2 protein chains.
Amino acid sequence: MAEKTLDTENVLGYNVNAENVFEKPLTAGVKRMSTTIKDIAQLLHLSVSTVSKALNDYPDVAPKTKQRVQEAARSLGYRPNVIAQRLQSRRTGTLGFVLWYGEDSISDPLFNELLISMLDAAARRQYDLLVSACPLGTSRPAAYERMIKTGRVDGFILDGTDRQDDRITYLCREGFPFVVFGRTEQDIDFPYVDVDGCAGVRQAVQHLIDLGHRRIAFIGLPSFSFCAYDRRLGYEAALEANGLPLETDLIVEVEAGSEENGYSAMIQLLELSHPPTAVMVSSDLMAIGALRAAQERGVTVGRDLALIGFDDISLAAYTHPPLTTLRQPMQEIGQRLVDMLVCLLEDRPLPERHVILPPPLVIRQSSGETRGGP
Amino acid sequence: MAEKTLDTENVLGYNVNAENVFEKPLTAGVKRMSTTIKDIAQLLHLSVSTVSKALNDYPDVAPKTKQRVQEAARSLGYRPNVIAQRLQSRRTGTLGFVLWYGEDSISDPLFNELLISMLDAAARRQYDLLVSACPLGTSRPAAYERMIKTGRVDGFILDGTDRQDDRITYLCREGFPFVVFGRTEQDIDFPYVDVDGCAGVRQAVQHLIDLGHRRIAFIGLPSFSFCAYDRRLGYEAALEANGLPLETDLIVEVEAGSEENGYSAMIQLLELSHPPTAVMVSSDLMAIGALRAAQERGVTVGRDLALIGFDDISLAAYTHPPLTTLRQPMQEIGQRLVDMLVCLLEDRPLPERHVILPPPLVIRQSSGETRGGP
DNA sequence: CTGTTAGCGCGTTCAA
DNA sequence: TTGAACGCGCTAACAG
């Protein structure tokens with residue numbers, strides 16, 4: 001959202017973030033498209049309530065009328081108006097997802113997969129998914145509060161947790177249903193699905209150690225993010241378990257997981273007087289940047305340098321060399337998030353309140369072959 | 001959506017696509033969260049309608065009461081219930097977007113940008129965007145029909161048009177509002193935004209010709225897709241304008257714009273007895289695959305071979321060598337689509353009914369420097 | 001200026 | 001077994 005290429009400008013001079021508490025009512029433009037229960041009732045000389053009951057398969061309707069009604073409905077192409085159903089039932093049948101975007105997170109390659117799997121699972125459960133995009137930097141609880149107060153959604157799916165996450169504090173206090181992709185360090189219990197970044201990275205780094213590496217660097221994300229911190233812990237744990245020293249020179253923390261940041265972090269590592277022989281990178285996009293940096297400096301990844309990423313984005317298999325990485329099973333994650341939230345909303349017991357999935361280590365060529373001693 | 005990793009399976013055995021015309025009503029679980037107009041009315045000993053009018057700034061309310069009401073509303077954190085507003089106004093305030101996904105289109109890198117810009121523009125106009133994911137292969141008009149009949153949306157945004165597009169035929173016949181990213185060859189007039197793929201590719205190929213290339217290949221998408229065909233026309237036009245022959249050997253059409261397909265198309269071209277010296281590729285993702293193929297075969301892109309992509313995805317700047325490409329201004333496209341549809345919905349005149357944006361040629365290293373004759 | 005009445009389309013009492 | 005009456009929360013027409 002950097003550039004303002006559009007010439008139509010802020011057409012109404014409308015400022016969404018202003019203290020404009022009262023959204024103006026939707027104006028005019030009435031159009032009738034679909035058939036209603038009333039139409040069927042009139043056609044069949046029945047009462048509206050009988051038709052309604054027939055359509056919803058109530059037991060106290062004569063089988064004959066039930067059939068007549070359903071046939072009429074079918075032939076008229078009747079579909080119940082969800083807005084009316086929602087008002088009546090006081091349930092929106094809608095799951096909310098707020099997409100927090102910054103300059104960099106716009107092209108997050110995993111988001112597509114998460115979105116599609118959530119949409120798919122939601123549709124299967126007869127729910128809509130309402131996605132709302134908000135720029136990072138605005139108050140986060142406020143965005144959720146608005147959706148709650150205006151009655152748009154029944155519950156939320158959150159992702160990208162911070163170690164201390166104000167959204168979770170807020171939603172818990174409100175008692176509004178939600179599930180989370182990710183964990184926090186807060187002393188609050190909430191339902192979540194997460195990938196075990198710590199164990200995954202630990203396994204990956206162990207793999208590097210087993211290959212003979214001793215100077216292993218780490219390129220990570222800002223440690224206020226839970227998963228960033230979690231992954232880093234895995235890195236530290238692996239070193240410690242193998243009696244290797246933790247050298248601060250070898251740890252680079254960047255602001256966002258972009259290609260460019262991976263590139264410059266790698267340059268920084270390569271310029272060290274005693275550069276690492278292996279690098280664990282917290283995201284594939286950054287790993288691709290790191291790959292480019294190495295290539296530019298004449299360092300052959302997979303031979304002179306071992307590199308492991310995180311995510312297993314679709315391109316990871318096609319880099320040069322193909323990227324060893326930890327795979328995030330986004331399909332399963334999205335599906336489970338939706339299933340859990342729907343359980344919550346329908347007062348069904350949750351099979352598992354906390355799901356932690358292991359990210360499988362996908363070994364390709366970037367981590368190289370076994371090598372000699374240090 | 002290839003794998004079925006989830007063990008919870010089809011929990012209810014519910015089949016969305018079945019002839020299940022009547023969605024079961026949303027069950028139980030009533031919860032009161034927000035304050036209503038009624039609450040304010042009771043608190044202030046006023047009638048509901050007066051409060052409503054005060055909130056909506058009607059002229060026929062005493063300034064004093066208006067202020068009292070607005071203050072009460074503010075302090076109670078009142079937000080109008082959008083569901084009720086929608087039922088009343090018979091407008092959903094919601095734009096619909098159906099995301100058609102296949103195996104490959106899941107990781108379409110441009111979709112993120114389109115989505116965010118649409119969400120952003122919609123929010124600015126006080127509209128929600130309802131995204132619905134449907135697998136390719138199911139009836140397309142049916143998906144839109146369902147959203148219309150159930151009263152979920154006021155209008156649609158379509159993308160990825162075919163030269164003959166059944167969705168457009170359907171929506172036109174229904175007289176339901178929609179705008180399109182892309183054009184068709186049908187004899188129907190509808191509002192659209194599109195990128196001039198023909199002119200863009202023509203310019204790109206001309207650039208290659210100006211660099212001295214004479215054997216220029218084309219890797220394209222299936223020609224039932226409008227933009228695929230459009231781009232190919234640009235390729236052919238450029239050749240013809242320069243008196244170059246059209247050689248069918250040099251044209252490869254793949255099924256989808258994946259990295260792998262770009263790779264194998266490129267391999268096919270390189271194995272020709274008389275391979276091309278330049279290749280115009282219809283998408284960046286495919287161009288990245290083509291890059292890999294060239295590299296693998298020891299062909300140095302930017303020197304031995306010129307390569308141009310299409311899209312300007314964020315990674316295009318970071319390939320090796322950086323990719324010359326035609327940039328699709330997704331921000332502007334998404335914004336314009338939303339603005340146009342909102343105009344339609346609010347019966348405001350459309351500034352432009354047909355918008356065709358030129359895709360700027362972004363010259364990087366993959367197209368190489370000027371070279372000698374053929 | 002305010003309040004009463006009506007209705008958006010639906011599901012759900014409770015009488016008949 | 002059917003239908004009449006009510007309410008979800010809101011806006012809108014009309015009386016007072």
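Because the structure is a prediction, the values reported are computed rather than measured. Each chain gets a letter, A, B and so on, in the order the sequences are listed, and its residues count up from 1.
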Are Tyr127(A) and Asp154(A) close enough that a side-chain donor and a side-chain acceptor fall under 3.5 Å?
no

Of all residues at least two apart in sequence or in a different chain, which pass the salt bridge (charged side-chain N to carboxylate O under 4.0 Å, His left out) check with Asp162(A)?
Arg140(A)

Taking the six-membered ring for Trp, are Phe176(B) and Phe178(B) closer than 6.0 Å centroid to centroid?
no

Check this one for me: any side-chain N or O of Tyr58(A) less than 4.0 Å away from OP1 or OP2 of dG3(D)?
no

Give me, pair by pair, the N or O atoms of the protein and of nucleotides 2-6 of chain C that are less than 3.5 Å apart, along with how far apart they are.
residue	atom	partner	partner atom	Å
dT2(C)	OP1	Thr65(B)	OG1	3.4
dT2(C)	OP2	Ala62(B)	N	3.0
dT2(C)	OP2	Thr65(B)	OG1	2.8
dG3(C)	OP2	Ser47(B)	N	3.0
dG3(C)	OP2	Thr50(B)	OG1	3.2
dG3(C)	N7	Ser49(B)	OG	3.2
dG3(C)	O6	Lys53(B)	NZ	2.9
dT4(C)	O4	Ser49(B)	OG	3.1

From CD1 of Ile37(A) across to P of dG9(C) the rounded distance in Å is 11 Å

Bend angle of the helix from dC1(C)-dG16(D) to dA16(C)-dT1(D), end axes from five pairs each (to 10°):
50°

Can you find a heavy atom in the side chain of Arg353(A) that is under 4.5 Å from one in the side chain of Asp189(A)?
yes

Any non-hydrogen side-chain atom of Thr36(A) less than 4.5 Å from a side-chain atom of Asn81(A)?
no

Is any side-chain heavy atom of Val131(B) closer than 4.5 Å to one of Leu129(A)?
no

Nucleotide of dT12(C), dA12(D), dG9(C) approaching Leu87(B) most closely (side-chain heavy atoms)
dG9(C)

With respect to the phosphate group of dC10(C), does any side-chain polar atom (N or O) of Tyr78(A) fall under 4.0 Å of OP1 or OP2?
yes

Is a donor from one side chain sitting under 3.5 angstrom from an acceptor on the other, for Arg152(B) and Thr150(B)?
yes

Within this structure, what is the CD-to-P distance between Gln42(A) and dC10(C), rounded to whole angstrom?
12 Å

Using a strict threshold of under 4.0 Å (side-chain N to carboxylate O), is an ion pair present between Arg336(A) and Glu352(A)?
yes

Rounded off to whole Å, could you give me the CZ-to-P distance for the Arg91(A) and dG11(C) pair?
14 Å

With a 4.0 Å limit, can you tell me whether Ser52(B) has a side-chain N or O closer than that to the phosphate oxygens OP1/OP2 of dT11(D)?
yes

Establish, with yes or no, whether the OP1 or OP2 oxygen of dG11(C) is under 4.0 angstrom from a side-chain nitrogen or oxygen of Asn56(A).
yes

Mind calculating the distance between CZ (Arg90(B)) and P (dG7(C)) to the nearest angstrom?
12 Å

Roughly how many Å is it from CZ in Arg152(B) to P in dC10(C), rounded to a whole number?
13 Å

Just how far, in rounded Å, is P of dT12(C) from CG of Asp57(A)?
13 Å

Rounded distance (Å) that lies between atom C1' of dC10(D) and atom CZ of Arg86(A)
17 Å

According to a strict under-4.0 Å criterion, is Gln88(B) in side-chain N/O contact with OP1 or OP2 of dG9(D)?
no

Given atom CZ of Arg79(A) and atom P of dC10(C), what is their separation to the nearest angstrom?
12 Å

Expected output: side-chain Arg167(B) to main-chain Tyr144(B) donor-acceptor under 3.5 Å
no

